[in-house]
Amino acid sequence: MLVAVAAAFTDLRARTIPNWITLGGFLLGLAANVYVWGAKGLLVALGGFGLAVLIYLPLYLLRAMGGGDLKLMAALGAVLGAGLWWQLFIYTAMVGAMVAVAILLYRGGLARALGNVVHILGSLTRGKAPYKERPDLDIASPKAVTLPHGASIAMGALLLVFQYRNLL
């Protein structure tokens with residue numbers, strides 16, 4: 001939770017997630033899992049790390065997600081292992097979707113967003129990167145509508161902790 005909250009705070013404040021948070025989280029995850037599980041813990045941590053990279057790296061390469069988001073989820077994967085990371089991913093996706101829809105409704109951009117989804121799916125089915133055809137779909141573009149994903153990740157982590165609160 002500490003890693004996720006620190007990342008959310010910096011993402012909300014500066015729209016960046018510093019490497020010291022993600023690297024620290026990764027090292028903490030490795031150390032904690034090895035301490036608790038021994039040699040098996042290393043496999044647990046690396047499995048969670050690997051699953052996070054497998055899911056988030058394509059999003060980063062398509063410029064739909066920032067590098068800090070990728071590194072944060074990989075670090076949390078090392079902390080949680082693959083099974084719990086997958087649950088974090090589901091919670092984060094649900095929270096992120098709700099926040100995105102709320103912001104789009106508030107700003108009046110829901111129709112544009114749905115059009116973007118259609119374009120993205122069409123580009124991907126043609127084997128093209130969506131941001132190459134429409135630069136506003138590149139997360140680095142000043143015209144892109146972006147969200148501080150670190151905050152959604154922290155809210156997803158909070159839901160995960162709440163789910164397992166009786167085990168703590």
Report summary line: Heavy-atom closest pair (Pro148 atom, Leu12 atom, distance to 0.1 Å) is CG-CD2, 3.5 Å

Report task. Taking atom CZ of Arg107 as the centre, report whether more than 12 heavy atoms of other residues, nucleotides or ligands fall under 6.0 Å from it. Result -> no

Query - Pairwise side-chain contact, Met155 with Val99, heavy-atom cut-off 4.5 Å (strictly under) - result: yes

Requested in this report: Ignoring hydrogens and angles, tell me if any N or O in the side chain of Asp138 forms a donor-acceptor pair with the backbone of Ala144 under 3.5 Å.
Outcome: no

**Report entry** Partner of His149 under side-chain contact (heavy atoms from CB on, under 4.5 Å), chosen from Leu70, Leu72, Thr92, Leu59
**Finding:** Thr92

Report task. Examine Ile153 and Leu2 and state if one hydrophobic cluster contains both, with Ile, Leu, Val, Met, Phe, Trp and Tyr joined whenever side-chain heavy atoms are less than 4.5 Å apart. Result -> no

Query - Single-linkage hydrophobic cluster Ile55~Leu57, side-chain heavy atoms < 4.5 angstrom - result: yes

Query raised in the report: Just by distance, do the side chain of Trp85 and the backbone of Met73 share a donor-acceptor pair under 3.5 Å?
Result: yes

Query raised in the report: With sequence neighbours left out, what residues match Phe26 under ring pair (Phe, Tyr, Trp, His ring centres under 6.0 Å)?
Result: Phe49

Query raised in the report: Looking at Ala8 and Ala154, what are the two nearest heavy atoms and their distance?
Result: CB-CB, 3.6 Å

Query raised in the report: Just by modelled atom types, is the Ala78 backbone N or O under 3.5 Å from a matching donor or acceptor in the Asn33 side chain?
Result: yes

Query - Minimum heavy-atom distance Leu124-Pro130, with the two atoms named - result: CD2-CD, 4.0 Å

Query raised in the report: Is Leu76 reachable from Tyr164 through a run of hydrophobic residues whose side-chain heavy atoms are each under 4.5 Å from the next?
Result: yes

Query raised in the report: Hey, is CG on Leu114 packed in by over 12 heavy atoms from elsewhere, all under 6.0 Å?
Result: yes

Requested in this report: Would you please test Val5 and Leu158 for side chain to side chain contact (heavy atoms under 4.5 Å, CB included) and show each step?
Outcome: CA-CA 9 Å; Val5 168; Leu158 184 61; over 6 Å; no

Report task. Could you check if a side-chain atom of Lys71 sits within less than 4.5 angstrom of a side-chain atom of Asn19, using non-hydrogen atoms only? Result -> yes

Query raised in the report: Roughly how far, to the nearest 0.5 Å, is the CG atom of Leu160 from the CG atom of Leu84?
Result: 5.5 Å

Query raised in the report: Side chain of Thr10, backbone of Ile17: donor and acceptor closer than 3.5 Å?
Result: no

Query raised in the report: Hey, mind stepping through Ser123 and Arg134 against side-chain hydrogen bond (donor to acceptor under 3.5 Å, both in side chains) and telling me if it holds?
Result: CA-CA 10 Å; Ser123 293; Arg134 295 246 323 266; over 6 Å; no

Query - Reported CD1-to-CG distance for the pair Ile120 and Leu137, which is rounded to 0.5 angstrom - result: 5.0 Å

Query - Linked, directly or transitively: Val53 and Leu23 (ILVMFWY side chains, under 4.5 Å) - result: yes

Query - Rounded distance [0.5 Å steps], CD in Glu133 versus NZ in Lys128 - result: 6.5 Å

**Report entry** Same apolar cluster: Leu62 and Leu147, side chain cutoff 4.5 Å
**Finding:** no

Query raised in the report: What is the minimum heavy-atom distance between Thr125 and Gly122, and which atoms define it?
Result: OG1-O, 2.8 Å

Query raised in the report: Do Asp136 and Arg112 come within less than 4.5 Å of each other through their side chains, counting heavy atoms only?
Result: yes

Query raised in the report: What are the two closest heavy atoms between Ala151 and Asp11, and how far apart are they?
Result: N-OD2, 4.3 Å

**Report entry** Leu30 side chain near Leu46 side chain, heavy-atom distance below 4.5 Å
**Finding:** yes

Report summary line: Of all heavy-atom pairs linking Arg63 and Tyr131, the shortest is NH1-CE1, 3.3 Å

